[in-house]
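Ligands are counted one by one from 1 in listed order, and the atoms in each one are counted from 1 as well.
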Amino acid sequence: MRIDVVTIFPEYLEPLRAALLGKAVDKGLISVDVHDLRDWTHDVHKAVDDSPYGGGPGMVMKPQVWGEALDAVCAGETPRLVVPTPAGRPFTQRLAHEYAAEPRLVFACGRYEGIDQRVVDDASRRMRVDEVSIGDYVLVGGEVAVLVMVEAVVRLLPGVLGNPASAAQDSFSDGLLEGPSYTRPEVWRDLAVPEVLRSGNHRLIDRWRRDQALRRTLERRPDLLDALPEGALDKHDRKL
Ligand SMILES: Oc1ccccc1-c1ccno1
């Protein structure tokens, strides 16, 4: 997978070269190129924003600069363009899986009051464009959202995680939140590991884990239960 990021703060994306993601680059599983948007300015001040039409607070990122940058960065194999924005569709594990199947992703990091909408409208004439939110809160810029999305996507690629089964048992992989996890010692500060996990009875252990996941999902994210496909809950699940 080829990943490109366009930003006015390239240093914000340094974590993409560290740890798991850095290893994925070293293994040749992904390539990551970060581009400074200001490289496509032509004025001495390297201006990337301007006042909003219609008035209002803040500044809007200029279409000319973004247009030239995306023309250059998106050249070659047509990418899927992802634009983080608080006004975007939710970024979910399902969307992460979709992105993990893409050969090329380009991320456009907006700042200020956002990017002139015509940049998305123009790009949509040549490639698939997603305006995506990582949650219902406001950040200063899209860089942090890109770090979140790239990590969620790249960990799904074959060969990235040490144990591929981990991704298969993720929270959300079966539509539910993951239940609690435990490791040694058996008792810690008078708190004991649930006995069933030490029983060696894997049928009971699997049932207990499923019950814990259902209870946690019901308590914290009942909306996920409503979104489960027909037949996802068996008769035991429905008794909880
Ligand atoms: O708040 C933002 C500002 C710029 C770019 C993205 C965001 C955002 C907030 C939530 N998801 O994305």
Side-chain angles (χ1 to χ4, degrees), residues 1 3-18 21 32-41 46-74 79-100 102 104-124 127-156 170-172 177 220-221 223-224 227:
M1 175 185 284
I3 297 172
D4 289 89
V5 186
V6 183
T7 170
I8 59 171
F9 291 114
E11 65 278 12
Y12 232 108
L13 282 302
E14 277 311 302
L16 292 181
R17 311 220 177 272
L21 297 179
V32 177
D33 290 292
V34 179
H35 310 270
D36 186 339
L37 178 69
R38 294 190 196 276
D39 290 351
W40 285 277
T41 59
K46 295 184 177 287
V48 294
D49 62 317
D50 200 343
S51 309
Y53 271 113
M59 302 288 272
V60 176
M61 299 191 93
K62 297 164 67 73
Q64 307 95 318
V65 183
W66 272 107
E68 286 189 35
L70 293 178
D71 287 351
V73 172
C74 296
R80 188 157 178 180
L81 177 62
V82 182
V83 184
T85 167
R89 66 190 282 214
F91 180 68
T92 62
Q93 191 68 8
R94 177 190 299 268
L95 192 51
H97 278 284
E98 251 190 71
Y99 287 170
E102 293 286 345
R104 261 203 89 182
L105 294 173
V106 172
F107 291 90
C109 298
R111 293 223 145 219
Y112 313 115
E113 294 307 308
I115 303 172
D116 185 300
Q117 189 60 40
R118 291 169 292 180
V119 173
V120 165
D121 298 344
D122 171 60
S124 299
M127 67 196 84
R128 189 162 176 186
V129 182
D130 298 327
E131 294 180 87
V132 178
S133 166
I134 61 166
D136 294 339
Y137 38 75
V138 181
L139 305 168
V140 177
E143 287 78 7
V144 169
V146 170
L147 291 175
V148 166
M149 289 192 273
V150 168
E151 177 161 317
V153 170
V154 169
R155 67 183 291 278
L156 297 174
D170 279 345
S171 267
F172 308 105
L177 300 182
R220 299 179 183 177
R221 289 293 305 277
D223 58 297
L224 293 178

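- Applying the salt bridge (charged side-chain N to carboxylate O under 4.0 Å, His left out) criterion to E98, with sequence neighbours excluded, gives R80, R128.
- Under the salt bridge (charged side-chain N to carboxylate O under 4.0 Å, His left out) criterion, no residue pair touches residues 56-70, with sequence neighbours excluded.
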Please set out all donor-acceptor pairs under 3.5 angstrom arising from side-chain atoms of residues 49-58, sequence neighbours excluded.
none

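- Expressed to the nearest 0.5 Å, how far CD1 of I134 lies from CG of L147 amounts to 9.0 Å.
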Do any nitrogen or oxygen atoms of ligand 1 lie under 3.5 Å from a protein nitrogen or oxygen, and which ones?
| unit_1 | atom_1 | unit_2 | atom_2 | d |
| --- | --- | --- | --- | --- |
| ligand 1 | 1 (O) | L139 | N | 2.5 |
| ligand 1 | 1 (O) | L139 | O | 3.4 |
| ligand 1 | 11 (N) | S133 | OG | 3.4 |
| ligand 1 | 11 (N) | I134 | N | 2.9 |

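- Distance check: D33 CG to L13 CG gives 11.0 Å after rounding to the nearest 0.5 Å.
- Remark: R38 does not engage D36 in a salt bridge, criterion side-chain N to carboxylate O under 4.0 Å.
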